[in-house]
Amino acid sequence: MKLYYSPGACSLADHIAMHEAGLTFDRVRVDLATKQTETGEQFNQINPKSYVPTVEMDDGQRLTENVAILSWVAQRKPALAPNGEPGSLRLLEMLAFISTEIHKQFGRVFKPTSDAEAAAAREKLDQRFQLIAAMFAGDYLFGSDVSVADAYLFTMLRWANHVGIEVPAKLNEFAERMRTRPAVQLALKHEGLD
Ligand SMILES: N[C@@H](CCC(=O)N[C@@H](CS)C(=O)NCC(=O)O)C(=O)O
């Protein structure tokens with residue numbers, strides 16, 4: 001199994017989740033500027049969408065999209081999804097929120113077409129980080145146990161920190177808690193991050 005990633009990109013969420021699940025996998029770094037992998041392959045031959053994350057299974061099948069990959073990791077390791085009958089739906093709901101309402105807004109902060117657009121995106125992110133802080137059911141999003149959604153949120157909080165977006169104290173405490181987890185430390189180390 002292989003994870004195609006770029007250091008600090010959204011693929012960090014999948015990287016952390018795969019370590020949390022105890023999966024054995026190789027990592028292949030992708031240069032998003034040149035779209036070349038570290039092994040000299042053209043990345044668009046591997047994923048025609050030309051973006052990370054991409055997971056290649058042992059049988060050669062490839063899976064893309066954070067929501068799908070994180071859901072797949074939670075299927076492999078059910079302890080990384082919330083308990084109870086609607087647990088998988090609650091997970092999907094949270095992953096969709098992080099993907100479409102938080103992750104996508106960052107594009108407008110990183111590459112705005114105008115100052116007004118960047119300001120509007122920052123305001124939306126501000127609101128959404130407040131909303132997600134209010135959703136916490138415990139130390140982690142769904143209670144006392146970590147889930148794959150926490151790995152995604154942690155990655156978004158690194159980005160918020162990088163661009164100077166202030167988040168509620170609860171989210172800073174959560175990020176610190178995540179940093180103490182061996183899976184997070186391993187993924188950060190593998191990606192050459194802090
Ligand atoms: N819808 C995709 C978006 C993934 C995405 O935005 N990947 C970024 C890195 S965080 C990327 O590879 N961008 C390179 C590009 O679009 O050229 C997902 O959620 O997996």
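In this text the structure is predicted, and so the values were computed from the model without any measurement. We count ligands from 1, going down the list as the structure has it; atoms in each ligand are counted the same way.
The closest donor-acceptor contact from the side chain of Gln36 to the backbone of Asp31 lies at 3.5 Å or more, if one exists at all. Remark: side-chain polar atoms of Asn47 are not paired, donor with acceptor, to backbone N or O of Val52 under 3.5 angstrom.
Distances from ligand 1 to the non-hydrogen atoms of Tyr4 include no value under 4.0 Å. Residue contact annotation: Lys49 has no non-hydrogen atom under 4.0 Å from ligand 1.
At least one N or O atom of Lys35 sits closer than 3.5 Å to an N or O atom of ligand 1. Residue Leu32 has no nitrogen or oxygen atom sitting less than 3.5 Å from a nitrogen or oxygen atom of ligand 1, judged on distance alone.
Protein heavy atom in closest approach to atom 16 (O) of ligand 1: Tyr51 CB, 3.9 Å. Looking only at heavy atoms of the protein, atom 7 (N) of ligand 1 is closest to Val52 O, 2.8 Å. Scanning the protein heavy atoms around atom 6 (O) of ligand 1, the nearest turns out to be His103 NE2, 3.5 Å.
Listed by atom number, the atoms of ligand 1 under 4.0 Å from Cys10 heavy atoms are 4 (C), 5 (C), 7 (N), 9 (C), 10 (S). Under a 4.0 Å criterion applied to the non-hydrogen atoms of Trp159, ligand 1 contributes the atoms 10 (S). Taking every heavy atom of Pro53 and a limit of under 4.0 angstrom, the matching atoms of ligand 1 come to 20 (O). Close contacts of ligand 1 with Glu65, meaning ligand atoms under 4.0 Å from a residue heavy atom, involve 1 (N), 2 (C), 18 (C), 19 (O), 20 (O).
The shortest side-chain heavy-atom distance between Phe97 and Leu153 does not fall under the 4.5 Å cut-off.
Using cut-offs of 30° and 60° on the angle between ring planes, the pair Tyr4 and Phe43 is tilted.
With 3.5 Å as the limit, one finds a donor-acceptor pair spanning the side chains of Asp150 and Ser147. No hydrogens or angles considered: a donor-acceptor pair under 3.5 Å links the side chains of Tyr51 and Glu65.
A salt bridge links Glu20 with Arg181: the closest approach of a Lys/Arg side-chain nitrogen to an acidic carboxylate oxygen falls below 4.0 angstrom.
The line from CG of Leu23 to CE of Met1 is 5.0 Å long, rounded to the nearest 0.5 Å.
Of all the listed residues (Asn66, Asp14, Thr100), Asn66 holds the heavy atom that lies closest to atom 19 (O) of ligand 1.
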